[in-house]
Amino acid sequence: MKSMTRKLLLSVMAVVLSVIALGTTTFAWFTITNVANVQPFNAEVISDEGIEIAIGTGTPMELEWKTTLTTQDIYDYIASVHTAGFFFNHLTSVDGRNFTTLGTSGPGVGSTEGLLELPLHFRSDSTSEINWTQVVLSGTTESFTTRVGFTDSKGVAQIANSTYNVNPADAIRVSLSGNVASILTTVVYENPSSLTNTVLDARVAADFRGTQEDVLGVPTYIGVNGAVNYFYRSNAMLPGGADAVTVVDTIQDVTLTKVLDMTAGSLATAEREYYGTLTVRVWFEGWDAEAYNSLLGKTVTLSLRFEG
Amino acid sequence: MKPKTKKGFKIVLSFIFYGFVMLILAFSVATMKMKYSNDIANVMGLGFLPITTDNNTQSNLLFVNVQTPEENMDLVMNDSVVFYELHEHQFLKGQIVAKYETDQHIFYQVEGYDQLLTVSDILAVEIAEVPHLGSLVAFLQSPKGFALAVLMPVIFLWIIESIVLVRYMLLYHKRKLEKEFELAAKEKANEVESEFELIRKQLLKEFNLDK
(Lines give C-alpha, C1' and ligand atoms only; values in the text may rest on other atoms or scores of the structure.)
Protein backbone atom coordinates (compact mmCIF):
# COMPACT_ATOMS: atom_id res chain seq x y z
CA MET A 1 0.00 0.00 0.00
CA LYS A 2 2.90 2.33 0.82
CA SER A 3 4.43 1.82 -2.62
CA MET A 4 1.00 2.34 -4.19
CA THR A 5 0.63 5.72 -2.43
CA ARG A 6 4.11 6.71 -3.64
CA LYS A 7 3.22 5.76 -7.21
CA LEU A 8 -0.03 7.69 -6.98
CA LEU A 9 1.75 10.79 -5.66
CA LEU A 10 4.35 10.59 -8.45
CA SER A 11 1.58 10.23 -11.00
CA VAL A 12 -0.27 13.26 -9.58
CA MET A 13 2.98 15.21 -9.79
CA ALA A 14 3.50 14.14 -13.41
CA VAL A 15 -0.05 15.22 -14.32
CA VAL A 16 0.37 18.58 -12.57
CA LEU A 17 3.66 19.09 -14.41
CA SER A 18 2.12 18.18 -17.76
CA VAL A 19 -0.80 20.55 -17.10
CA ILE A 20 1.68 23.36 -16.36
CA ALA A 21 3.58 22.47 -19.53
CA LEU A 22 0.34 22.42 -21.51
CA GLY A 23 -0.69 25.84 -20.20
CA THR A 24 2.72 27.36 -20.86
CA THR A 25 3.07 25.94 -24.35
CA THR A 26 -0.47 26.99 -25.29
CA PHE A 27 0.24 30.54 -24.10
CA ALA A 28 3.58 30.52 -25.95
CA TRP A 29 1.85 29.32 -29.10
CA PHE A 30 -0.60 32.22 -28.95
CA THR A 31 2.35 34.57 -28.44
CA ILE A 32 4.03 33.21 -31.58
CA THR A 33 0.91 33.64 -33.67
CA ASN A 34 0.67 37.28 -32.53
CA VAL A 35 4.25 38.42 -33.19
CA ALA A 36 4.05 41.98 -34.47
CA ASN A 37 6.23 42.81 -37.44
CA VAL A 38 8.51 45.76 -36.83
CA GLN A 39 8.09 48.19 -39.71
CA PRO A 40 10.47 51.08 -40.28
CA PHE A 41 7.62 53.61 -40.33
CA ASN A 42 6.37 52.31 -37.02
CA ALA A 43 9.53 53.59 -35.47
CA GLU A 44 8.57 56.97 -34.16
CA VAL A 45 10.71 60.03 -34.70
CA ILE A 46 12.23 60.39 -31.29
CA SER A 47 14.38 63.41 -30.72
CA ASP A 48 17.62 63.15 -28.86
CA GLU A 49 17.92 64.06 -25.20
CA GLY A 50 17.28 67.77 -24.72
CA ILE A 51 15.87 68.28 -28.22
CA GLU A 52 12.26 69.05 -29.03
CA ILE A 53 10.75 68.44 -32.43
CA ALA A 54 7.69 69.64 -34.32
CA ILE A 55 6.18 69.20 -37.77
CA GLY A 56 4.23 71.75 -39.76
CA THR A 57 4.34 75.33 -40.90
CA GLY A 58 4.06 78.49 -38.85
CA THR A 59 6.13 80.29 -36.27
CA PRO A 60 7.88 78.30 -33.51
CA MET A 61 5.33 79.61 -30.98
CA GLU A 62 2.44 78.19 -33.02
CA LEU A 63 3.89 74.70 -33.35
CA GLU A 64 3.12 71.73 -31.16
CA TRP A 65 6.49 70.78 -29.69
CA LYS A 66 7.14 67.19 -28.69
CA THR A 67 9.99 64.96 -27.69
CA THR A 68 8.53 62.18 -29.84
CA LEU A 69 6.94 62.68 -33.23
CA THR A 70 4.61 59.74 -33.71
CA THR A 71 3.59 58.06 -36.93
CA GLN A 72 0.13 59.55 -36.41
CA ASP A 73 1.58 63.10 -36.21
CA ILE A 74 3.25 62.57 -39.59
CA TYR A 75 0.11 61.05 -41.11
CA ASP A 76 -1.95 63.95 -39.76
CA TYR A 77 0.39 66.48 -41.32
CA ILE A 78 0.37 64.71 -44.71
CA ALA A 79 -3.43 64.45 -44.58
CA SER A 80 -3.76 68.17 -43.75
CA VAL A 81 -1.58 69.19 -46.71
CA HIS A 82 -2.72 66.59 -49.25
CA THR A 83 -6.43 66.58 -48.57
CA ALA A 84 -7.21 64.43 -51.62
CA GLY A 85 -4.59 61.85 -50.61
CA PHE A 86 -0.92 61.72 -51.53
CA PHE A 87 0.54 59.88 -54.53
CA PHE A 88 4.04 59.95 -55.96
CA ASN A 89 4.55 61.15 -59.52
CA HIS A 90 7.58 61.19 -61.82
CA LEU A 91 9.63 64.19 -60.78
CA THR A 92 13.25 65.17 -61.16
CA SER A 93 15.48 67.65 -59.42
CA VAL A 94 18.86 69.19 -60.05
CA ASP A 95 19.38 70.29 -56.44
CA GLY A 96 16.98 68.32 -54.20
CA ARG A 97 14.93 71.49 -53.53
CA ASN A 98 13.38 72.46 -56.86
CA PHE A 99 11.42 69.99 -58.92
CA THR A 100 10.15 69.54 -62.44
CA THR A 101 7.93 66.98 -64.08
CA LEU A 102 9.18 64.82 -66.94
CA GLY A 103 7.56 66.17 -70.08
CA THR A 104 7.13 64.26 -73.30
CA SER A 105 8.27 67.20 -75.40
CA GLY A 106 11.16 69.22 -74.06
CA PRO A 107 12.03 69.70 -70.38
CA GLY A 108 9.18 69.40 -67.92
CA VAL A 109 7.65 72.21 -65.97
CA GLY A 110 8.24 73.07 -62.32
CA SER A 111 5.99 71.08 -60.01
CA THR A 112 5.44 70.06 -56.43
CA GLU A 113 2.66 67.62 -57.35
CA GLY A 114 3.70 64.14 -56.24
CA LEU A 115 6.37 65.52 -53.91
CA LEU A 116 6.26 64.74 -50.19
CA GLU A 117 7.59 67.67 -48.21
CA LEU A 118 7.88 67.51 -44.41
CA PRO A 119 8.96 70.67 -42.60
CA LEU A 120 10.62 69.60 -39.34
CA HIS A 121 11.50 72.03 -36.59
CA PHE A 122 14.06 71.47 -33.87
CA ARG A 123 14.78 73.43 -30.71
CA SER A 124 17.09 72.82 -27.79
CA ASP A 125 18.90 74.40 -24.89
CA SER A 126 21.78 71.93 -24.89
CA THR A 127 22.81 71.29 -28.49
CA SER A 128 23.15 73.52 -31.52
CA GLU A 129 23.47 70.92 -34.29
CA ILE A 130 21.38 68.12 -35.73
CA ASN A 131 23.06 65.10 -37.29
CA TRP A 132 21.43 62.61 -39.65
CA THR A 133 22.53 59.22 -38.35
CA GLN A 134 20.33 56.65 -40.01
CA VAL A 135 17.95 56.16 -42.91
CA VAL A 136 15.84 53.15 -43.76
CA LEU A 137 14.10 53.39 -47.12
CA SER A 138 12.34 50.22 -48.14
CA GLY A 139 9.52 48.78 -50.18
CA THR A 140 8.20 45.37 -51.01
CA THR A 141 9.71 43.81 -54.11
CA GLU A 142 6.87 42.96 -56.44
CA SER A 143 6.62 41.85 -60.01
CA PHE A 144 4.88 43.38 -63.01
CA THR A 145 4.22 41.94 -66.44
CA THR A 146 6.23 43.66 -69.15
CA ARG A 147 4.12 44.99 -71.99
CA VAL A 148 7.12 45.12 -74.35
CA GLY A 149 10.59 43.64 -74.56
CA PHE A 150 13.35 45.93 -73.21
CA THR A 151 16.82 45.93 -71.66
CA ASP A 152 16.86 46.47 -67.90
CA SER A 153 19.34 48.53 -65.88
CA LYS A 154 21.58 45.53 -65.34
CA GLY A 155 21.86 45.06 -69.12
CA VAL A 156 19.63 41.98 -69.16
CA ALA A 157 17.19 41.65 -72.07
CA GLN A 158 13.61 41.18 -70.84
CA ILE A 159 11.02 39.80 -73.20
CA ALA A 160 7.45 41.06 -73.58
CA ASN A 161 4.79 39.60 -71.25
CA SER A 162 7.41 38.30 -68.84
CA THR A 163 7.48 38.83 -65.09
CA TYR A 164 9.89 41.50 -63.93
CA ASN A 165 10.78 42.22 -60.28
CA VAL A 166 10.74 45.81 -59.11
CA ASN A 167 10.99 47.59 -55.79
CA PRO A 168 9.38 51.01 -55.35
CA ALA A 169 12.13 52.17 -52.98
CA ASP A 170 14.71 51.85 -55.78
CA ALA A 171 13.55 55.03 -57.53
CA ILE A 172 12.88 57.08 -54.41
CA ARG A 173 15.09 59.99 -53.32
CA VAL A 174 15.14 61.62 -49.90
CA SER A 175 16.59 65.08 -49.50
CA LEU A 176 17.25 66.99 -46.28
CA SER A 177 17.70 70.74 -46.52
CA GLY A 178 18.88 72.82 -43.62
CA ASN A 179 21.31 75.59 -42.79
CA VAL A 180 24.80 74.33 -42.05
CA ALA A 181 27.27 77.09 -41.14
CA SER A 182 24.67 79.62 -42.34
CA ILE A 183 24.52 78.08 -45.82
CA LEU A 184 21.44 76.24 -47.05
CA THR A 185 22.76 72.73 -47.57
CA THR A 186 20.95 69.81 -49.13
CA VAL A 187 21.88 66.17 -48.75
CA VAL A 188 20.16 63.65 -51.03
CA TYR A 189 19.98 59.93 -50.37
CA GLU A 190 19.19 57.03 -52.70
CA ASN A 191 19.33 53.35 -51.85
CA PRO A 192 22.58 51.52 -52.61
CA SER A 193 22.90 49.06 -55.46
CA SER A 194 21.06 45.77 -54.96
CA LEU A 195 19.64 42.89 -56.97
CA THR A 196 16.86 45.16 -58.24
CA ASN A 197 18.54 48.56 -57.94
CA THR A 198 21.18 50.40 -59.93
CA VAL A 199 22.55 53.63 -58.45
CA LEU A 200 21.92 56.65 -60.71
CA ASP A 201 24.06 59.11 -58.72
CA ALA A 202 24.79 62.61 -60.09
CA ARG A 203 24.30 63.39 -63.80
CA VAL A 204 25.19 66.70 -65.43
CA ALA A 205 23.88 67.27 -68.95
CA ALA A 206 24.07 63.52 -69.47
CA ASP A 207 22.80 61.89 -72.65
CA PHE A 208 20.07 59.42 -71.76
CA ARG A 209 19.16 58.72 -75.37
CA GLY A 210 21.28 55.57 -75.31
CA THR A 211 22.35 53.73 -78.43
CA GLN A 212 20.88 54.03 -81.90
CA GLU A 213 18.80 51.43 -83.67
CA ASP A 214 17.69 51.26 -87.25
CA VAL A 215 13.94 51.97 -87.34
CA LEU A 216 12.49 51.87 -90.86
CA GLY A 217 15.87 52.91 -92.24
CA VAL A 218 16.25 55.80 -89.79
CA PRO A 219 18.86 55.60 -86.99
CA THR A 220 16.88 56.19 -83.81
CA TYR A 221 17.88 56.53 -80.19
CA ILE A 222 16.29 53.86 -78.00
CA GLY A 223 17.10 55.19 -74.49
CA VAL A 224 19.58 54.00 -71.88
CA ASN A 225 19.03 50.64 -70.23
CA GLY A 226 16.27 50.46 -67.64
CA ALA A 227 13.09 52.51 -67.38
CA VAL A 228 14.05 54.93 -70.20
CA ASN A 229 14.46 52.05 -72.64
CA TYR A 230 11.17 50.56 -71.41
CA PHE A 231 9.51 53.97 -72.00
CA TYR A 232 10.88 54.07 -75.54
CA ARG A 233 9.81 50.51 -76.30
CA SER A 234 6.30 51.25 -74.98
CA ASN A 235 5.79 54.67 -76.60
CA ALA A 236 8.24 54.74 -79.53
CA MET A 237 9.62 58.00 -78.14
CA LEU A 238 11.91 59.22 -75.37
CA PRO A 239 10.97 61.47 -72.44
CA GLY A 240 11.58 65.15 -73.21
CA GLY A 241 15.09 66.40 -72.54
CA ALA A 242 16.68 62.95 -72.63
CA ASP A 243 19.76 64.37 -74.36
CA ALA A 244 20.73 66.60 -71.42
CA VAL A 245 19.75 65.08 -68.13
CA THR A 246 20.94 66.71 -64.93
CA VAL A 247 20.04 65.13 -61.60
CA VAL A 248 21.27 65.88 -58.12
CA ASP A 249 24.23 64.06 -56.57
CA THR A 250 23.30 61.43 -53.99
CA ILE A 251 24.80 59.55 -51.10
CA GLN A 252 24.05 55.88 -50.54
CA ASP A 253 24.83 55.60 -46.85
CA VAL A 254 24.38 57.90 -43.91
CA THR A 255 26.92 58.09 -41.12
CA LEU A 256 26.72 61.09 -38.82
CA THR A 257 25.94 63.65 -41.51
CA LYS A 258 25.41 67.13 -40.12
CA VAL A 259 22.23 68.52 -41.63
CA LEU A 260 21.40 71.49 -39.45
CA ASP A 261 23.12 74.18 -37.40
CA MET A 262 20.44 75.76 -35.26
CA THR A 263 20.31 79.49 -34.68
CA ALA A 264 21.59 80.61 -31.29
CA GLY A 265 19.74 83.23 -29.23
CA SER A 266 16.26 81.96 -30.09
CA LEU A 267 14.79 82.29 -26.60
CA ALA A 268 12.46 85.09 -27.62
CA THR A 269 11.17 83.39 -30.77
CA ALA A 270 11.26 79.71 -29.86
CA GLU A 271 11.58 79.66 -26.06
CA ARG A 272 14.84 77.76 -26.37
CA GLU A 273 18.43 78.88 -26.95
CA TYR A 274 18.73 77.07 -30.29
CA TYR A 275 16.15 76.71 -33.05
CA GLY A 276 16.25 75.55 -36.67
CA THR A 277 14.19 74.04 -39.47
CA LEU A 278 14.94 71.10 -41.66
CA THR A 279 12.93 70.22 -44.76
CA VAL A 280 12.62 66.57 -45.69
CA ARG A 281 11.59 65.95 -49.28
CA VAL A 282 10.75 62.55 -50.73
CA TRP A 283 10.17 62.05 -54.44
CA PHE A 284 10.10 59.48 -57.21
CA GLU A 285 13.08 60.29 -59.45
CA GLY A 286 11.79 60.07 -63.00
CA TRP A 287 15.23 59.54 -64.57
CA ASP A 288 16.11 56.67 -62.27
CA ALA A 289 16.79 53.43 -64.10
CA GLU A 290 14.10 51.78 -61.96
CA ALA A 291 11.42 54.49 -62.41
CA TYR A 292 8.81 52.23 -63.97
CA ASN A 293 5.21 53.47 -64.10
CA SER A 294 4.02 50.31 -62.38
CA LEU A 295 5.76 51.47 -59.20
CA LEU A 296 3.74 54.65 -58.82
CA GLY A 297 0.89 52.98 -56.94
CA LYS A 298 3.12 51.12 -54.50
CA THR A 299 4.01 51.85 -50.89
CA VAL A 300 7.41 52.79 -49.56
CA THR A 301 8.45 53.05 -45.94
CA LEU A 302 10.91 55.58 -44.64
CA SER A 303 12.56 55.99 -41.29
CA LEU A 304 14.99 58.75 -40.39
CA ARG A 305 17.05 59.17 -37.26
CA PHE A 306 18.50 62.42 -35.98
CA GLU A 307 20.88 62.97 -33.10
CA GLY A 308 22.16 66.08 -31.45
CA MET B 1 13.50 -8.53 -17.30
CA LYS B 2 15.56 -8.59 -14.09
CA PRO B 3 14.23 -6.38 -11.27
CA LYS B 4 17.47 -4.34 -11.18
CA THR B 5 17.37 -3.69 -14.94
CA LYS B 6 13.70 -2.82 -14.67
CA LYS B 7 14.40 -0.31 -11.90
CA GLY B 8 17.26 1.25 -13.90
CA PHE B 9 15.02 1.48 -16.96
CA LYS B 10 12.34 3.23 -14.90
CA ILE B 11 14.85 5.77 -13.56
CA VAL B 12 16.10 6.54 -17.09
CA LEU B 13 12.50 6.94 -18.30
CA SER B 14 11.76 9.33 -15.41
CA PHE B 15 14.84 11.41 -16.26
CA ILE B 16 13.79 11.57 -19.92
CA PHE B 17 10.24 12.57 -18.94
CA TYR B 18 11.22 15.35 -16.51
CA GLY B 19 14.05 16.50 -18.79
CA PHE B 20 11.65 16.74 -21.73
CA VAL B 21 9.08 18.69 -19.70
CA MET B 22 11.75 21.10 -18.42
CA LEU B 23 13.12 21.61 -21.95
CA ILE B 24 9.62 22.30 -23.28
CA LEU B 25 8.96 24.74 -20.43
CA ALA B 26 12.24 26.57 -21.02
CA PHE B 27 11.61 26.77 -24.78
CA SER B 28 8.05 28.03 -24.22
CA VAL B 29 9.08 30.65 -21.67
CA ALA B 30 11.84 31.83 -24.05
CA THR B 31 9.37 31.96 -26.93
CA MET B 32 6.96 34.09 -24.92
CA LYS B 33 9.53 36.90 -25.04
CA MET B 34 9.00 37.18 -28.81
CA LYS B 35 6.29 39.82 -28.99
CA TYR B 36 7.83 41.72 -31.90
CA SER B 37 9.77 40.43 -34.88
CA ASN B 38 12.97 41.97 -33.50
CA ASP B 39 12.67 40.22 -30.11
CA ILE B 40 15.05 37.37 -29.30
CA ALA B 41 13.77 34.27 -27.48
CA ASN B 42 15.56 34.09 -24.14
CA VAL B 43 15.43 32.85 -20.58
CA MET B 44 17.01 35.21 -18.07
CA GLY B 45 19.09 36.88 -20.77
CA LEU B 46 20.40 33.69 -22.34
CA GLY B 47 18.87 33.58 -25.78
CA PHE B 48 18.94 31.77 -29.08
CA LEU B 49 17.96 32.62 -32.63
CA PRO B 50 18.33 31.24 -36.13
CA ILE B 51 20.64 33.30 -38.30
CA THR B 52 21.47 33.02 -41.98
CA THR B 53 25.10 32.99 -43.01
CA ASP B 54 26.55 35.80 -45.15
CA ASN B 55 26.23 33.86 -48.38
CA ASN B 56 22.64 32.78 -47.57
CA THR B 57 23.56 29.11 -47.95
CA GLN B 58 22.71 27.81 -44.49
CA SER B 59 20.93 28.79 -41.33
CA ASN B 60 22.81 28.40 -38.05
CA LEU B 61 21.64 28.44 -34.47
CA LEU B 62 23.15 31.29 -32.49
CA PHE B 63 23.34 31.36 -28.69
CA VAL B 64 23.51 34.90 -27.41
CA ASN B 65 23.50 37.12 -24.34
CA VAL B 66 20.56 39.48 -24.70
CA GLN B 67 21.81 42.99 -23.93
CA THR B 68 20.27 46.19 -22.61
CA PRO B 69 21.31 49.55 -24.13
CA GLU B 70 23.23 50.31 -20.92
CA GLU B 71 25.19 47.05 -21.23
CA ASN B 72 25.92 47.88 -24.88
CA MET B 73 27.92 50.95 -23.89
CA ASP B 74 30.80 48.73 -22.83
CA LEU B 75 31.14 46.65 -25.98
CA VAL B 76 34.64 46.34 -27.35
CA MET B 77 36.25 45.77 -30.74
CA ASN B 78 35.75 42.30 -32.24
CA ASP B 79 32.64 41.62 -30.15
CA SER B 80 30.22 39.76 -32.39
CA VAL B 81 26.86 41.51 -32.06
CA VAL B 82 23.35 40.80 -33.30
CA PHE B 83 20.99 43.49 -34.60
CA TYR B 84 17.72 43.64 -36.56
CA GLU B 85 17.92 44.83 -40.17
CA LEU B 86 14.78 46.78 -41.05
CA HIS B 87 15.34 46.64 -44.82
CA GLU B 88 15.51 42.87 -44.94
CA HIS B 89 13.42 42.18 -41.83
CA GLN B 90 15.92 39.75 -40.40
CA PHE B 91 18.56 39.43 -37.72
CA LEU B 92 22.14 40.05 -38.79
CA LYS B 93 25.37 39.59 -36.91
CA GLY B 94 28.70 41.26 -37.34
CA GLN B 95 31.92 42.06 -35.55
CA ILE B 96 32.50 45.53 -34.18
CA VAL B 97 35.28 47.17 -36.17
CA ALA B 98 35.03 50.74 -34.86
CA LYS B 99 33.55 52.62 -31.93
CA TYR B 100 32.73 56.34 -32.09
CA GLU B 101 31.92 58.29 -28.96
CA THR B 102 30.40 61.76 -28.91
CA ASP B 103 29.47 63.79 -25.84
CA GLN B 104 26.14 62.03 -25.51
CA HIS B 105 26.21 58.98 -27.77
CA ILE B 106 28.13 55.88 -28.70
CA PHE B 107 28.03 54.49 -32.25
CA TYR B 108 29.40 51.18 -33.47
CA GLN B 109 30.58 50.31 -36.95
CA VAL B 110 29.96 46.66 -37.71
CA GLU B 111 31.83 44.70 -40.36
CA GLY B 112 29.82 44.24 -43.54
CA TYR B 113 27.12 46.80 -42.64
CA ASP B 114 27.20 50.32 -44.00
CA GLN B 115 25.27 52.15 -41.28
CA LEU B 116 26.32 53.00 -37.76
CA LEU B 117 24.58 51.23 -34.91
CA THR B 118 23.59 52.90 -31.67
CA VAL B 119 23.54 51.16 -28.31
CA SER B 120 19.80 50.56 -28.68
CA ASP B 121 20.21 48.96 -32.14
CA ILE B 122 22.40 46.18 -30.78
CA LEU B 123 20.24 43.43 -29.32
CA ALA B 124 22.66 40.74 -28.22
CA VAL B 125 26.24 39.52 -28.11
CA GLU B 126 27.14 36.15 -29.60
CA ILE B 127 28.19 33.31 -27.27
CA ALA B 128 28.29 30.32 -29.60
CA GLU B 129 27.12 29.22 -33.02
CA VAL B 130 25.85 25.76 -33.94
CA PRO B 131 25.89 25.15 -37.69
CA HIS B 132 22.83 23.84 -39.59
CA LEU B 133 20.39 23.95 -36.63
CA GLY B 134 18.94 27.34 -37.55
CA SER B 135 16.25 26.03 -39.89
CA LEU B 136 14.99 23.60 -37.24
CA VAL B 137 14.74 26.35 -34.59
CA ALA B 138 13.09 28.70 -37.10
CA PHE B 139 10.53 25.96 -37.79
CA LEU B 140 9.98 25.38 -34.06
CA GLN B 141 9.43 29.11 -33.58
CA SER B 142 6.84 29.28 -36.34
CA PRO B 143 3.15 28.83 -35.35
CA LYS B 144 2.84 25.60 -37.34
CA GLY B 145 6.16 24.15 -36.19
CA PHE B 146 5.53 25.01 -32.54
CA ALA B 147 2.06 23.43 -32.67
CA LEU B 148 3.38 20.25 -34.31
CA ALA B 149 6.65 19.74 -32.45
CA VAL B 150 5.92 21.23 -29.02
CA LEU B 151 2.20 21.65 -28.35
CA MET B 152 1.04 18.29 -29.77
CA PRO B 153 3.58 16.18 -27.81
CA VAL B 154 2.63 18.03 -24.61
CA ILE B 155 -1.07 17.35 -25.21
CA PHE B 156 -0.20 13.69 -25.89
CA LEU B 157 1.89 13.57 -22.71
CA TRP B 158 -0.92 15.11 -20.67
CA ILE B 159 -3.42 12.52 -21.98
CA ILE B 160 -1.05 9.62 -21.23
CA GLU B 161 -0.27 10.92 -17.74
CA SER B 162 -3.97 11.45 -17.02
CA ILE B 163 -4.76 7.87 -18.06
CA VAL B 164 -1.92 6.57 -15.86
CA LEU B 165 -3.23 8.64 -12.93
CA VAL B 166 -6.78 7.37 -13.32
CA ARG B 167 -5.50 3.77 -13.47
CA TYR B 168 -3.44 4.28 -10.31
CA MET B 169 -6.40 5.90 -8.56
CA LEU B 170 -8.66 2.96 -9.42
CA LEU B 171 -5.99 0.51 -8.26
CA TYR B 172 -5.46 2.49 -5.07
CA HIS B 173 -9.20 2.55 -4.41
CA LYS B 174 -9.43 -1.20 -5.06
CA ARG B 175 -6.57 -1.97 -2.68
CA LYS B 176 -8.05 0.31 -0.04
CA LEU B 177 -11.40 -1.49 -0.28
CA GLU B 178 -9.68 -4.88 -0.08
CA LYS B 179 -7.83 -3.76 3.02
CA GLU B 180 -11.04 -2.50 4.61
CA PHE B 181 -12.80 -5.79 3.85
CA GLU B 182 -9.90 -7.67 5.32
CA LEU B 183 -10.07 -5.61 8.49
CA ALA B 184 -13.85 -6.00 8.72
CA ALA B 185 -13.56 -9.77 8.30
CA LYS B 186 -10.88 -9.92 10.97
CA GLU B 187 -13.08 -7.91 13.32
CA LYS B 188 -16.03 -10.19 12.61
CA ALA B 189 -13.91 -13.25 13.32
CA ASN B 190 -12.78 -11.71 16.60
CA GLU B 191 -16.39 -10.97 17.54
CA VAL B 192 -17.41 -14.57 16.80
CA GLU B 193 -14.42 -15.82 18.74
CA SER B 194 -15.32 -13.69 21.77
CA GLU B 195 -18.94 -14.92 21.57
CA PHE B 196 -17.68 -18.52 21.49
CA GLU B 197 -15.52 -17.71 24.52
CA LEU B 198 -18.54 -16.40 26.38
CA ILE B 199 -20.64 -19.47 25.51
CA ARG B 200 -17.76 -21.73 26.50
CA LYS B 201 -17.46 -19.97 29.83
CA GLN B 202 -21.23 -20.21 30.38
CA LEU B 203 -21.29 -23.93 29.58
CA LEU B 204 -18.40 -24.59 31.96
CA LYS B 205 -20.20 -22.65 34.68
CA GLU B 206 -23.44 -24.63 34.21
CA PHE B 207 -21.50 -27.90 34.04
CA ASN B 208 -19.85 -27.12 37.40
CA LEU B 209 -23.21 -26.27 38.99
CA ASP B 210 -24.74 -29.57 37.86
CA LYS B 211 -22.00 -31.45 39.68
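All of these numbers come straight from a predicted model, not from anything done at the bench. Order of the sequence lines fixes the chain letters, A, B, ..., with proteins taken first and strands second; residue numbering starts at 1 for each chain.
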Close side-chain approach of A/Val259 to A/Phe122, heavy-atom, < 4.5 Å: no
Donor-acceptor pair between A/Gln252 and A/Thr250 side chains, under 3.5 angstrom: yes
Heavy-atom pair count under 4.5 Å with chain A, highest-scoring of B/Leu157, B/Thr31, B/Leu165: B/Leu165
Charged N-O contact under 4.0 Å between B/Asp121 and A/Arg305: yes
Any B/Ile51 side-chain heavy atom under 4.5 Å of B/Glu129 side chain: yes
Proximity of B/Phe15 and B/Phe20 rings by center, below 6.0 Å: no
Contacts with chain A made by residues 133-153 of chain B (heavy-atom distance under 4.5 Å), listed by residue number: B/Leu140, B/Gln141, B/Ser142, B/Pro143, B/Phe146, B/Ala147, B/Val150, B/Leu151
Check: B/Leu25 and A/Ile20 side chains under 4.5 Å, non-hydrogen atoms: yes
Per-residue contact mode, B/Phe17 against chain A (heavy atom under 4.5 angstrom): side chain
Mutual orientation of the aromatic rings belonging to A/His121 and A/Tyr275 [parallel < 30°, tilted 30-60°, perpendicular > 60°]: parallel
